[in-house]
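We number each residue from 1, following the sequence as shown. Excluded from the calculations below are hydrogen atoms, water molecules and symmetry mates; all remaining heavy atoms, backbone and side chain alike, are included.
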Amino acid sequence: MADNRLTGQAGRRVVSTAIRQALSSGDMVPGQRLVEQELSDSLSVTRSSVREALQDLAADGLVELVPRRGARVRVISVEEAILITECRAALEGLCARRAARLATPEDRRTLTAIGNRMRESVAQGDLSAYSALNRQLHAAIAEMSGQTVADGLLERLKGQMVRYQFRLALRPGRPSQSLPQHLAIIEAITTGDAEAAEAAIREHLDSVIRELDATPKPGGEGPRESELQASEV
């Protein structure tokens with residue numbers, strides 16, 4: 001019964017967390033409708049909690065609230081994805097520089113282990129694992145940097161970019177290009193070279209921008225945008 005459902009801040013957090021995880025895993029796709037009653041039933045929260053969580057997610061750019069039509073997962077264009085990545089390059093460059101200066105021996109071992117697992121996943125052709133390790137690496141660097149303001153901003157930006165991250169990781173030949181870039185970032189941070197760390201992460205994200213810019217546009221040759229969105233999960 002509705003009386004047993006979570007409400008208030010607790011219910012709001014449950015909904016927000018569930019939707020963010022579904023976006024990250026690919027269980028929700030761009031343009032997908034988010035029906036309040038369905039979310040309320042599946043997550044055992046009140047509809048007011050769902051409504052408030054959707055407003056929070058809309059403020060973070062993950063959800064679009066359409067008048068008289070409800071909510072849906074927001075669709076971003078390639079052009080907007082490029083703008084977001086440019087912002088990420090500045091913020092992640094800052095984090096990489098700080099991480100190189102502040103990383104503990106345990107932090108360095110963590111990054112080295114991620115790098116080794118990235119090599120293994122590419123060698124085995126496990127692109128889903130590689131994509132997950134990619135996200136883990138970037139998140140670890142932000143955390144190690146201690147730059148909590150940048151980390152918070154990056155979480156919002158990367159949340160909007162999930163589907164493009166999936167798409168790039170699954171493009172033929174992309175892992176073989178990005179793996180050396182990731183290993184260069186790890187090497188610079190673990191050796192304490194702040195300038196090289198910032199340069200390496202900026203070069204990596206510049207390559208992401210080039211890949212995004214090569215994404216086929218609607219009406220051009222290659223898959224249509226809607227087909228690309230459907231194929232990324």
**OP:** Might you work through the side chain to side chain contact (heavy atoms under 4.5 Å, CB included) test for S49 and L6, ending with a clear yes or no?
**Re:** CA-CA 8 Å; S49 293; L6 283 175; 5.8 Å; no
Original post:
Once you round to the nearest 0.5 Å, how far does CD of Q136 lie from CD1 of I141?
Top reply: 11.0 Å
Subject >> Where P180 and S176 come nearest, the two heavy atoms and their spacing >> reply: CD-O, 3.1 Å
Subject >> For D56, side-chain contact (heavy atoms from CB on, under 4.5 Å) partners two or more places apart >> reply: R12
Subject >> Nearest non-hydrogen partners of N116 and R119, listed with the distance >> reply: OD1-NH1, 2.9 Å
Subject >> R20/E155 salt bridge by N-O under 4.0 Å criterion >> reply: no
**OP:** Start with the C-alpha gap between L57 and S16, add the side-chain angles, then the distance that decides, and say whether side chain to side chain contact (heavy atoms under 4.5 Å, CB included) holds.
**Re:** CA-CA 7 Å; L57 293 167; S16 180; 3.7 Å; yes
Original post:
In terms of hydrophobic clustering (I, L, V, M, F, W, Y; side-chain heavy atoms under 4.5 Å; direct or indirect links), are L102 and I201 co-clustered?
Top reply: no
**OP:** Please check if any side-chain donor atom of D151 sits under 3.5 Å from a side-chain acceptor atom of Q147, or the reverse.
**Re:** no
**OP:** Mind running side chain to side chain contact (heavy atoms under 4.5 Å, CB included) on L111 and R108 for me, showing each step along the way?
**Re:** CA-CA 5 Å; L111 293 182; R108 297 188 184 99; 5.9 Å; no
**OP:** Would you name the heavy atoms of T85 and L212 that are closest together and state the gap between them?
**Re:** OG1-CD1, 3.5 Å
Original post:
Going from CD on E86 to CG on D206, what distance comes out if it is rounded to the nearest 0.5 angstrom?
Top reply: 8.5 Å
Subject >> 4.5 Å side-chain heavy-atom contact, S121 and R117 >> reply: no
Original post:
Linking I/L/V/M/F/W/Y whenever their side-chain heavy atoms sit closer than 4.5 Å, directly or via other members, would L94 and V208 fall into one cluster?
Top reply: no
Original post:
Taking atom types as modelled, is there a side-chain donor on S207 or R174 under 3.5 Å from an acceptor on the other?
Top reply: yes
Original post:
Between L62 and I19, is any pair of side-chain heavy atoms under 4.5 Å apart?
Top reply: no
**OP:** For R135 and S131, test the side chains for any donor-to-acceptor distance below 3.5 angstrom and give the result as yes or no.
**Re:** yes
Subject >> Heavy-atom pair of closest approach, residues L179 and Y130 >> reply: N-OH, 3.1 Å
Original post:
Are any of the side-chain heavy atoms of V73 and V29 separated by less than 4.5 Å?
Top reply: no
Original post:
Would you say the side-chain atoms of D107 and T104 include a donor-acceptor pair closer than 3.5 Å?
Top reply: yes
Original post:
Does E36 reach the side chain of L54, with side-chain heavy atoms less than 4.5 Å apart?
Top reply: yes
Original post:
Between atom CE of M144 and atom CZ of R98, what is the distance when rounded to the nearest 0.5 Å?
Top reply: 14.0 Å
Original post:
More than 12 non-hydrogen atoms from neighbouring residues, nucleotides or ligands closer than 6.0 Å to CZ on R33, yes or no?
Top reply: no
Subject >> Heavy atoms from other residues, nucleotides or ligands near CD of E211 exceed 12 (cutoff 6.0 Å) >> reply: yes
Original post:
Between R5 and D41, is there a side-chain N and carboxylate O pair less than 4.0 Å apart?
Top reply: yes
Original post:
Ignoring hydrogens and geometry, is there a side-chain-to-backbone donor-acceptor pair from T191 to A188 under 3.5 Å?
Top reply: yes
Subject >> Reported OG1-to-CZ distance for the pair T46 and R51, which is rounded to 0.5 angstrom >> reply: 8.5 Å
**OP:** Over all heavy atoms of both residues, which pair between C95 and A150 is shortest? Give the atoms and the distance, please.
**Re:** SG-CB, 3.8 Å
Original post:
Does a side-chain heavy-atom distance below 4.5 Å link L154 with R88?
Top reply: yes
Subject >> Interatomic spacing from CD in E52 to OG1 in T7 - rounded to 0.5 Å >> reply: 7.0 Å
Original post:
Which distance, rounded to the nearest 0.5 Å, do you find between the CZ of R97 and the CD of E198?
Top reply: 4.5 Å
Subject >> Pairing of R210 and E203 as salt bridge, 4.0 angstrom limit >> reply: yes
Subject >> pair D213-V78: side-chain heavy atoms closer than 4.5 Å >> reply: no
Subject >> Heavy atoms of other groups near E106 CD, more than 12 under 6.0 Å >> reply: no
Subject >> For the student: nearest non-hydrogen atoms of I189 and A96, plus distance >> reply: CG1-O, 4.1 Å
Subject >> L133 side chain reached by H182 side chain, heavy atoms, under 4.5 Å >> reply: no
Original post:
Can you check whether Q32 reaches R72 side chain to side chain, under 4.5 Å on heavy atoms?
Top reply: no
